[in-house]
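The block underneath contains the structure these notes are about, expressed in structure tokens.
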2 protein chains.
Amino acid sequence: MSLTGQAARALIELRARIFTGRLRAGDRLAEIPLAEALGMSRTPIRLALSALQAEGLAVPAPGGGFAVRAFTVREVDDAVALRGQLEGMAARLVAEHGVSRGLARRLHEALDQGDAALARGVLDEEALDAYSGMNTALHAAIAEAAGNEPLRRAIAAVEALPFASASALVPSPRSAPQRHRLLTFAHQQHHLLVEALEAGQGMRAEALAREHADNARRNLRLILDSGEAEGLAALIAFKDPVA
Amino acid sequence: MSLTGQAARALIELRARIFTGRLRAGDRLAEIPLAEALGMSRTPIRLALSALQAEGLAVPAPGGGFAVRAFTVREVDDAVALRGQLEGMAARLVAEHGVSRGLARRLHEALDQGDAALARGVLDEEALDAYSGMNTALHAAIAEAAGNEPLRRAIAAVEALPFASASALVPSPRSAPQRHRLLTFAHQQHHLLVEALEAGQGMRAEALAREHADNARRNLRLILDSGEAEGLAALIAFKDPVA
DNA sequence: CTTGGTTATGCTGCATGCAATGGTGGGTCC
DNA sequence: GGACCCACCATTGCATGCAGCATAACCAAG
């Protein structure tokens with residue numbers, strides 16, 4: 001990314017349309033309609049499409065041009081497992097390097113916010129947003145504190161994939177009580193992870209981070225198996241993959 | 001990548017010029033000179049530059065355009081550590097899933113080729129090429145056999161970075177005997193890794209893959225400290241990083 | 001001699017024109 | 001009636017023109 005001007009607008013808009021399902025998996029990304037729809041020329045569209053391919057959201061179509069990539073359930077699952085391995089490395093590095101004073105404050109603020117969001121027993125829209133923001137902040141803090149820039153980039157890349165993000169599965173679970181249970185468990189893992197980080201237990205921190213991601217994988221399977229696929233249908237190829 | 005026609009040529013040519021040092025770290029990637037040099041218009045150049053940025057070889061320059069990215073020693077070291085973590089995951093998955101008959105043959109072929117290349121005691125140009133090819137094949141076989149496509153992509157991405165590739169450090173060490181020693185040790189690690197894979201020892205395989213990458217990191221430090229930086233000077237910012 | 005303003009120049013980023021290629025629909029032949 | 005072939009059309013990919021802008025050089029004033 002990091003494009004400027006019109007091309008950046010195009011990229012953001014295209015991402016949004018793919019994530020919201022307005023552009024569905026397999027849809028051809030024709031330049032002229034997109035250019036008209038976004039009120040710009042074909043040139044920035046082409047740049048945005050190329051960037052979209054680099055992000056993995058588009059694939060080259062036969063005969064030129066691009067199409068919205070279809071993700072298989074398997075690929076999403078694999079991407080989350082990969083995220084676990086990457087975040088595990090980040091956690092290990094943080095534990096090995098030691099938790100700075102500033103980082104400790106960020107981590108505990110996040111934990112407190114999570115506790116507060118979950119304290120009421122049910123998650124209204126507001127509490128859910130709070131938890132989601134806390135979750136993003138916590139994971140980002142660890143990824144940054146690892147002090148490994150290629151690692152940070154790799155985590156960002158996998159986070160850009162649909163449903164592979166750390167907070168992607170938050171809003172989905174079917175019933176409010178179940179959702180509360182799942183998030184409560186996940187947040188207990190957050191507590192343990194921070195504990196391991198501060199104790200300098202690198203191996204344990206890495207294992208916990210992986211387990212945390214595996215937990216997300218289980219939740220993903222739960223959602224898919226329960227047929228609650230709403231927005232996912234736009235992106236996931238349940239039959240045969242395009243890419 | 002995966003661009004077609006002129007843009008693909010441009011991308012390949014630009015990568016080559018960066019890796020060979022013809023384009024040095026920090027050099028501005030001006031469109032017009034590049035278009036003239038490559039005998040094409042500015043349009044495919046721009047696409048190639050954008051792709052180059054996605055690969056991490058170029059960074060946006062202040063005031064528009066791009067420049068060749070300057071890597072710090074730290075970043076290269078971090079990238080190799082990241083590769084170790086990723087290849088560790090791949091090795092663990094292969095061990096957990098079991099080694100197929102075809103994979104076992106590929107692995108042992110590679111091991112035999114490596115043994116043969118190292119058998120003569122000194123590495124002439126030919127033996128070095130043979131070892132390098134074997135090394136690439138072995139690592140690629142494991143990455144593919146892991147059966148995790150996002151992981152494979154992540155490994156490919158880090159391999160695209162200069163000096164982070166598994167076989168990047170092969171040709172560099174100063175003296176032929178030392179080079180032979182380093183490669184012999186690395187290849188012993190290959191043997192142990194394959195042994196762990198076939199025994200289904202996932203944890204051991206992962207640890208060995210990481211150690212193998214850490215070995216590459218030590219070799220890298222060795223080369224840098226011994227001042228034998230030839231081609232590296234073009235890419236590594238020894239003073240202050242641009243990116 | 002230094003410093004501030006101004007101008008000129010090169011570059012980027014976007015729009016549009018044009019050729020080539022692939023796909024589609026219709027027409028014709030078997 | 002079906003299948004094959006041809007022509008037309010849409011779309012991509014590349015080239016080029018143009019405006020905006022940042023940088024840099026130059027001149028003038030203090």
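By convention in this document, chain letters (A, B, ...) are assigned in the order of the sequence lines, proteins followed by strands, and residues within each chain are numbered from 1.
Distance CE (A/M40) to C1' (C/dT16): 16 Å, rounded to an integer number of Å. Rounded to a whole Å, the CD1 atom of A/I32 is 13 Å from the C1' atom of C/dC18. Rounded to whole Å, the distance from CD on A/E36 to P on C/dA15 is 13 Å. For A/R42 and D/dC14, the CZ to P distance is 11 Å, given to the nearest whole Å. Spacing between atom CZ of A/R46 and atom C1' of D/dT16 amounts to 15 Å, rounded to whole angstrom units. One can place CD of B/E31 at 15 Å from P of D/dC14, the figure rounded to the nearest angstrom. Nucleotide D/dG20 holds its P atom 14 Å from the CD atom of A/Q6, rounded to whole Å. In this structure, the CG atom of A/L49 is 9 Å from the P atom of D/dT12, given to the nearest Å.
Note on B/I45: nothing from the nucleic acid sits closer than 4.0 angstrom, heavy atoms only.
Other residues, nucleotides and ligands contribute over 12 non-hydrogen atoms within 6.0 Å of the CZ atom of B/R28.
Checked by atom type and distance alone, the side chain of B/R83 pairs as donor or acceptor with a backbone atom of B/A164 at under 3.5 Å. Put simply, the side chain of B/E13 never gets that close to the backbone of B/A10: no donor and acceptor are under 3.5 Å apart.
Minimum atom distance to the side chain of B/A7 is reached by D/dC14, of the listed C/dC14, D/dC14, C/dT12.
Of the side-chain N and O atoms in A/S41, none sit less than 4.0 angstrom from OP1 or OP2 of C/dC14.
Inter-residue side-chain proximity for A/R46 and B/L47 is flagged as met; some heavy-atom pair is nearer than 4.5 Å.
Along DNA chain C, the nucleotide closest to A/G39 and the one closest to A/G63 are compared, and the more 5′ of them pairs with A/G39. The residue among A/P62 and B/G64 whose nearest nucleotide of DNA chain C is located toward the 5' end is B/G64.
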